[in-house]
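Remarks on the structure that follows.
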Amino acid sequence: QVQLVESGGGLVQAGGSLRLSCAASGRTFGRYAKAWFRQAPGKDREFVAAINWSGGRTYYTDSVKGRFTISRDNAKNTVYLQMNSLKPEDTAVYYCAAGEVFIAGTAPSAQYDYWGQGTQVTVSS
């Protein structure tokens with residue numbers, strides 16, 4: 001069992017920044033890949049970014065490349081998503097996820113086994 005809890009969401013103006021955190025507990029000795037997804041109202045859950053266990057490999061969806069950075073601190077069992085130059089279209093509930101395999105490409109949500117409860121990010125124009 002792995003439990004994931006996101007934090008750091010909130011309201012920000014367009015062009016601003018937020019840093020999301022996802023703290024893991026439970027079976028944290030697993031060498032899991034981690035990812036961030038997001039879901040806007042009325043839309044499907046969308047892949048955002050992924051990072052492998054060591055942190056040496058990352059992948060981003062095209063719409064966030066150059067603006068978002070995923071990182072992790074395994075000593076703290078935490079993964080981060082630094083979001084800069086935020087746009088109104090980034091508004092969504094953001095979820096962190098864990099899975100056994102890192103995929104260097106856009107992945108469906110079914111690839112991941114564990115999920116957090118989500119944190120709301122709202123970007124005003």
Side-chain angles (χ1 to χ4, degrees):
Q1 293 288 327
V2 175
Q3 294 79 46
L4 304 172
V5 179
E6 302 96 334
S7 62
L11 175 64
V12 65
Q13 292 184 344
S17 298
L18 287 172
R19 188 174 79 156
L20 306 183
S21 299
C22 178
S25 61
R27 194 174 177 269
T28 57
F29 51 83
R31 299 172 68 163
Y32 296 106
K34 299 289 179 60
W36 289 94
F37 287 74
R38 64 188 181 187
Q39 188 166 23
K43 296 185 178 180
D44 293 334
R45 190 167 296 187
E46 174 191 22
F47 172 83
V48 176
I51 188 167
N52 74 338
W53 175 80
S54 71
R57 292 181 178 270
T58 59
Y59 185 81
Y60 302 90
T61 194
D62 286 344
S63 64
V64 307
K65 287 180 180 177
R67 300 190 297 120
F68 291 10
T69 302
I70 188 171
S71 62
R72 67 192 297 169
D73 185 341
N74 288 341
K76 297 181 178 180
N77 296 314
T78 301
V79 63
Y80 305 95
L81 186 68
Q82 178 67 45
M83 305 185 295
N84 298 326
S85 301
L86 282 162
K87 304 174 181 179
E89 53 262 43
D90 295 318
T91 295
V93 176
Y94 283 70
Y95 299 89
C96 63
E100 294 186 37
V101 178
F102 171 74
I103 299 174
T106 300
S109 59
Q111 179 64 44
Y112 295 91
D113 303 308
Y114 304 101
W115 293 84
Q117 83 290 344
T119 186
Q120 177 71 49
V121 172
T122 302
V123 184
S124 62
S125 60

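Just so you know, these numbers come straight off a predicted model, no measurement behind them.
Judged by distance alone, the side chain of R72 and the main-chain N or O of A33 form no donor-acceptor pair under 3.5 Å. Under the 3.5 Å distance criterion, the side-chain polar atoms of Q39 are left unmatched by any main-chain donor or acceptor of A92. Checked by atom type and distance alone, the side chain of T122 never pairs as donor or acceptor with a backbone atom of T91 at under 3.5 Å. At least one donor-acceptor pair closer than 3.5 Å links the side chain of N52 to the backbone N or O of G55.
Among residues at least two apart or in separate chains, salt bridge (Lys or Arg N to Asp or Glu O under 4.0 Å) pairs with a member in residues 62-71 are D62-K65, R67-D90. A ring pair (Phe, Tyr, Trp, His ring centres under 6.0 Å) check over residues 95-125, counting only residues at least two apart or in different chains, returns the pairs Y32-Y114, F37-Y112, F37-W115. For residues 31-93, there are no disulfide bond (SG atoms under 2.5 Å apart) pairs, not counting sequence neighbours. Screening residues 26-94 for disulfide bond (SG atoms under 2.5 Å apart) gives no qualifying pairs among residues at least two apart or on separate chains. For residues 39-105, the set of pairs meeting the disulfide bond (SG atoms under 2.5 Å apart) definition, not counting sequence neighbours, comprises C22-C96.
G118 and E6 get closest at one heavy-atom pair: N-OE1, 2.8 Å. When all heavy atoms are compared, the tightest approach of V64 to V48 is CG2-O, 3.8 Å. Here the closest non-hydrogen pair linking L4 and A24 is CD2-CB, 3.6 Å.
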Counting only pairs under 3.5 Å, give me each side-chain donor-acceptor contact of residues 78-85, with atom names and distances, residues two or more places apart or in other chains.
from	atom 1	to	atom 2	distance (Å)
T78	OG1	K76	O	2.8
Q82	NE2	N84	OD1	3.0
N84	OD1	S17	OG	2.9

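Grouped with W53 in a hydrophobic cluster is no other residue, since no side-chain heavy-atom contact under 4.5 Å to another Ile, Leu, Val, Met, Phe, Trp or Tyr is found. The hydrophobic cluster containing V101, built from Ile/Leu/Val/Met/Phe/Trp/Tyr side-chain heavy atoms closer than 4.5 Å, also comprises I103.
No continuous path of hydrophobic side-chain contacts links F47 to F68 [ILVMFWY only; heavy atoms under 4.5 Å]. Transitive grouping of hydrophobic side chains (ILVMFWY, heavy atoms separated by less than 4.5 Å) brings V123 and L18 into a common cluster. By the criterion of side-chain heavy atoms lying less than 4.5 angstrom apart, applied directly or through intervening Ile, Leu, Val, Met, Phe, Trp or Tyr residues, W36 is grouped together with V121 in one hydrophobic cluster.
S25 pairs by the side-chain contact (heavy atoms from CB on, under 4.5 Å) definition with Q3, not counting sequence neighbours. Residues satisfying the side-chain contact (heavy atoms from CB on, under 4.5 Å) test with D113, not counting sequence neighbours, are E100. The side-chain contact (heavy atoms from CB on, under 4.5 Å) check on T58 picks up I51, Y60, I70, with sequence neighbours excluded. Scanning for salt bridge (Lys or Arg N to Asp or Glu O under 4.0 Å) contacts around E46 gives R38, with sequence neighbours left out.
A distance of 9.5 Å separates OG of S125 from CD of Q13, quoted to the nearest 0.5 Å. A distance of 8.0 Å separates NZ of K87 from OG of S63, quoted to the nearest 0.5 Å.
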